[in-house]
Amino acid sequence: MSEKSNVKPITEQSIREAALLLREAKLVSFPTETVYGLGADATNDVAVAKIFEAKGRPSFNPLIVHVPSIEIAKSLVKFNDTALKIAAAFWPGPLTMVLPRRDNCPISRLASAGLDTLAVRIPSTASARRLLEETERPVAAPSANPSGQISPTSAQHVAQGLGSKVALILDGGDCAVGVESTVISTTGGVITILRPGGVTDEDLAPYSQHPVQFAGEDSSITSPGMLLSHYAPDCPVRLMATDKKEGEAFVGFGPGTAEFETTNLSASADLREATARLFSLMHDLNKNQYKAIAFAPIPNSGLGVAINDRLKRAAAPRG
Ligand code: TXA
Ligand code: MG
């Protein structure tokens, strides 16, 4: 291939470059033992928004946050005894745990899709941990493929699928595991497999007195993003609003509603900015007791499709 390539072999220098790019809110693809990740600074809403933009995700699924050590994981989420035992046994490795966010958790609300829990893992690939240490920020990373396509297990897969949408692709050869990590929750000491992966129910069984469960098709925790009413604030949500009714909060998009809006997703009608603000804005508005939250229309293209998907869920009848 003659075109200029953003693929670089893993060296101490390319890892340092990648860490700098991540700190500047750019996207970097890096190998883990499972698949190649599409990484962004997990503390930065705009950087995380770029992940959804690059993948062309139709909706904002909660992402896995990668950290280099259990100490750092403990600073983000609350571990129970079962989770501590599992961390000691399986980390670093292809296992992700969904745990409650700490009150002061600095991770982007967009990364955890507005949920009060966060998925965390320590990858076993040494260069990935080295990158996480050098970046000094937790890194949100789904698989580095366009939405709906096959997960990448080589740098070439990433380059073919995402190419110029990533600032840098670190090439560490083929991934050893080749499928994504096993995702579990440990609420109440019960291990529930939310996404099967290389670590099996049999591997996990010794770490709880309760039998290991699999989240069923209709489980509320299988894929929280897919539940119709899930991202709902306490009060009703009104969509396609062009005015503000009494007692409502009005959320504008673009110019034109400044006289009566409570806040605006993006005054310049920038969908990336709107995505970055969406969940933290809903959390903030939810602290006040509005009669309803009214959202101005959002264009239904690019990231707007995902924003509208989430807003539709927030406005859906509560089950
Ligand atoms: O192997 C892997 O895990 C790869 C590599 C790059 O590390 N990463 C990956 O990330 O697959 P991602 O973000 O695509 O995986 C997200 C999975 C989804 O199944 C999602 O539903 C679940 O984790 N998840 C994330 N946060 C969650 C939460 N708060 N509650 C329940 N499930 C959550
Ligand atoms: Mg994926």
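Any value given below was found using the heavy atoms of this structure, including those in side chains, with hydrogens, waters and symmetry copies removed. Sequential numbering from 1 along the given sequence is applied to the chain's residues. Just so it is clear, the model here is predicted, and its values are computed rather than measured. Both ligands and their constituent atoms are indexed starting at 1 by order of listing.
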Record the part of [X] in heavy-atom contact with ligand 1 below 4.0 Å; permitted values are side chain, backbone, both and neither.
X	value
Thr117	both
Val98	side chain
Thr34	side chain
Glu180	both

Got a sec, which pairs hit salt bridge (charged side-chain N to carboxylate O under 4.0 Å, His left out) with one end in residues 256-279, sequence neighbours left out?
-> Glu53-Arg272
For ligand 1, which atoms sit closer than 4.0 Å to a heavy atom of [X]?
X	answer
Leu63	13 (O)
His66	5 (C), 6 (C), 7 (O)
Leu115	28 (C), 29 (N)
Ala141	6 (C), 8 (N), 9 (C), 10 (O)

If you link I, L, V, M, F, W and Y whenever their side-chain heavy atoms are under 4.5 Å apart, who else ends up in the same group as Val139?
-> Ile10, Ile15, Leu21, Leu22, Val28, Phe30, Leu131, Leu132, Leu168, Leu170
Taking the hydrophobic residues Ile, Leu, Val, Met, Phe, Trp and Tyr, and joining any pair whose side-chain heavy atoms are under 4.5 Å apart, which ones share a cluster with Leu20?
-> none
Please find out if less than 6.0 Å separates the ring center of Phe90 from that of Tyr207.
-> yes
[X] (side chain) donor-acceptor with [Y] (main chain) under 3.5 angstrom:
X	Y	answer
Asp41	Val48	no
Ser151	Ser143	no
Glu33	Ser124	yes

Give a yes/no on ligand 1: does Asn61 have at least one heavy atom closer than 4.0 angstrom to it?
->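 The answer is no: ligand 1 sits nowhere under 4.0 Å from a heavy atom of Asn61.
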Does ligand 1 have any atom that is closer than 4.0 Å to a heavy atom of Pro123?
->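 Per 4.0 Å heavy-atom rule, Pro123 does not contact ligand 1.
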Which of the listed options, Pro62, Gly37, Pro152, holds the heavy atom that is closest to atom 16 (C) of ligand 1?
-> Pro62
For atom 15 (O) of ligand 1, which of Lys55, Met97, Arg101, Arg195 has the closest heavy atom?
->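 Minimum heavy-atom distance to atom 15 (O) of ligand 1 goes to Arg195.
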Modelled atom types, side-chain donor and acceptor of Ser181 and Thr96, under 3.5 Å = yes
Is any side-chain heavy atom of Asp284 closer than 4.5 Å to a side-chain heavy atom of Lys287?
-> yes
Considering only heavy atoms from C-beta outward, does the side chain of Cys105 approach that of Leu118 to under 4.5 Å?
->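 With C-beta onward as the side chain, the pair touches.
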Identify which protein N/O/S atoms are less than 2.8 Å from the Mg ion (ligand 2).
-> Ser143 OG
Which of these passes side chain to side chain contact (heavy atoms under 4.5 Å, CB included) with Ile64: Arg195, Met97, Glu180?
->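 With Ile64 as partner, side chain to side chain contact (heavy atoms under 4.5 Å, CB included) holds for just one option, Arg195.
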Is there at least one pair of N or O atoms, one from Ile64 and one from ligand 1, spaced under 3.5 Å apart?
->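 Yes, there is a polar N/O contact under 3.5 Å.
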Ion pair check, Asp309 and Arg313, cut-off under 4.0 Å | yes
